[in-house]
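What follows is a short report on a single structure.
Counting from 1, the numbers follow the sequence of the chain as shown.
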Amino acid sequence: RPAESILPDDHWAGAIDLPVTEFDPTKSAQLVAEFVADGGDPKIVYKVSTDALRLRIAAVIQQQLQSVGLTVEIQSHEWGTFYGDIKAGRFQLFSLAWVGVKMPDIFRHLFHSDSMPPKGANRGRFVSQQVDQLIDLAETVPITEQAAVYGRLQQIIAQQRPYVSLWYEDHILVTRSSLSGYQISRDGNYDGLIDVKKQLIEARDDG
């Protein structure tokens with residue numbers, strides 16, 4: 001499913017009616033041309049791991065960006081080197097998948113100005129006084145008011161785009177009739193295995 005925020009809109013702290021990322025190559029090319037005319041460097045280094053799927057995704061993004069006038073160099077590194085560079089902020093562009101994100105605490109970890117490495121994961125050094133204030137406010141108001149504050153916060157983040165959210169991955173469960181009790185989680189973790197029960201089916205000889 002296409003995404004406009006880290007949290008889906010049906011999450012209790014999710015936001016609805018976020019600005020939609022429009023596919024507009026003509027406008028994109030115009031903005032790149034204006035950037036270059038003002039002395040900007042159209043060359044971008046895109047860092048990615050050696051995972052085959054991530055490399056294919058990077059190749060698609062590279063082609064799309066190059067079609068509007070940017071020159072994109074893909075640098076692929078084994079996981080330790082790649083993630084070390086990301087955590088240290090040594091990148092221009094990178095892509096990763098979020099795993100296990102369940103609570104809106106992620107917004108402080110990613111976007112608050114106090115969360116720049118090594119204190120947190122604000123790896124792009126994003127700074128917004130308004131975002132800081134809304135994160136602080138959301139953590140102090142009653143829980144019944146938090147959703148509204150987080151909704152306003154995501155509206156601002158969606159406009160300023162420190163991250164570009166691409167999609168939410170659906171998780172599908174295929175099981176057998178002899179197994180029961182497994183509840184699939186929306187973030188794909190395996191916590192549900194704790195409650196799995198297997199029914200033993202005895203073979204019968206009717207001969």
Measuring from atom [atom1] of [X] to atom [atom2] of [Y], what distance do you get when rounded to the nearest 0.5 angstrom?
X: Met103; Y: Leu7; atom1: CE; atom2: CG; result: 9.5 Å
X: Ile157; Y: Glu4; atom1: CD1; atom2: CD; result: 13.0 Å
X: Gln62; Y: Leu93; atom1: CD; atom2: CG; result: 10.5 Å
X: Leu18; Y: Ile156; atom1: CG; atom2: CD1; result: 11.5 Å
X: Ile44; Y: Ile74; atom1: CD1; atom2: CD1; result: 12.0 Å
X: Leu70; Y: Gln66; atom1: CG; atom2: CD; result: 8.5 Å

With no hydrogens and no angle check, do the side chains of [X] and [Y] hold a donor and an acceptor under 3.5 Å apart?
X: Gln155; Y: Gln159; answer: no
X: Asn122; Y: His109; answer: no
X: Ser49; Y: Glu78; answer: no

### Message
Using side-chain heavy atoms (C-beta onward) and a distance below 4.5 Å, is Phe126 in contact with Ser113?
### Response
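No, their side chains stay 4.5 Å or more apart.
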### Message
Are Ile86 and Val45 linked, directly or through intermediate hydrophobic residues, by side-chain heavy-atom contacts shorter than 4.5 Å (ILVMFWY only)?
### Response
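Val45 does not cluster with Ile86.
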### Query
Minimum heavy-atom separation for Val141 to Ala138, with atom names?
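Looking at all heavy atoms of both residues, the shortest contact is CG2-O, 3.8 Å.
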### Task
For Ser5 and Gln154, run side-chain hydrogen bond (donor to acceptor under 3.5 Å, both in side chains): C-alpha distance rounded to whole Å, both residues' side-chain angles, the deciding distance at 0.1 Å, then the answer.
CA-CA 7 Å; Ser5 179; Gln154 289 168 86; 2.7 Å; yes
Side chains of residues 51-59: which donor-acceptor pairs under 3.5 Å do they make with residues two or more places apart or in other chains?
from: Asp51; atom 1: OD2; to: Leu53; atom 2: N; distance (Å): 3.0
from: Asp51; atom 1: OD2; to: Arg54; atom 2: N; distance (Å): 3.1

#### Entry: Lys/Arg N to Asp/Glu carboxylate O, Lys47 vs Glu73, below 4.0 Å
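Judged by the 4.0 Å cut-off on N to carboxylate O distance, Lys47 and Glu73 do not form a salt bridge.
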### Task
Taking the six-membered ring for Trp and the single ring otherwise, decide whether the centroids of Phe91 and Tyr46 are under 6.0 Å apart.
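No, too far apart.
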### Query
For the residue pair Tyr168 and Trp98, is the inter-centroid distance of their aromatic rings smaller than 6.0 Å?
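Aromatic pair excluded; centres sit 6.0 Å or further apart.
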### Query
Taking the six-membered ring for Trp, are Tyr83 and Trp79 parallel (under 30°), tilted (30 to 60°) or perpendicular (over 60°)?
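Ring orientation, 0 to 90° scale: parallel.
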### Message
Taking salt bridge (Lys or Arg N to Asp or Glu O under 4.0 Å) as the cut-off, I'd like each qualifying pair that reaches into residues 117-132, sequence neighbours left out, listed once.
### Response
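Sorted result for residues 117-132: empty, none.
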### CD/Glu34: more than 12 non-hydrogen atoms of other groups inside 6.0 Å
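Yes, CD of Glu34 has more than 12 neighbouring heavy atoms, counting only those of other groups under 6.0 Å.
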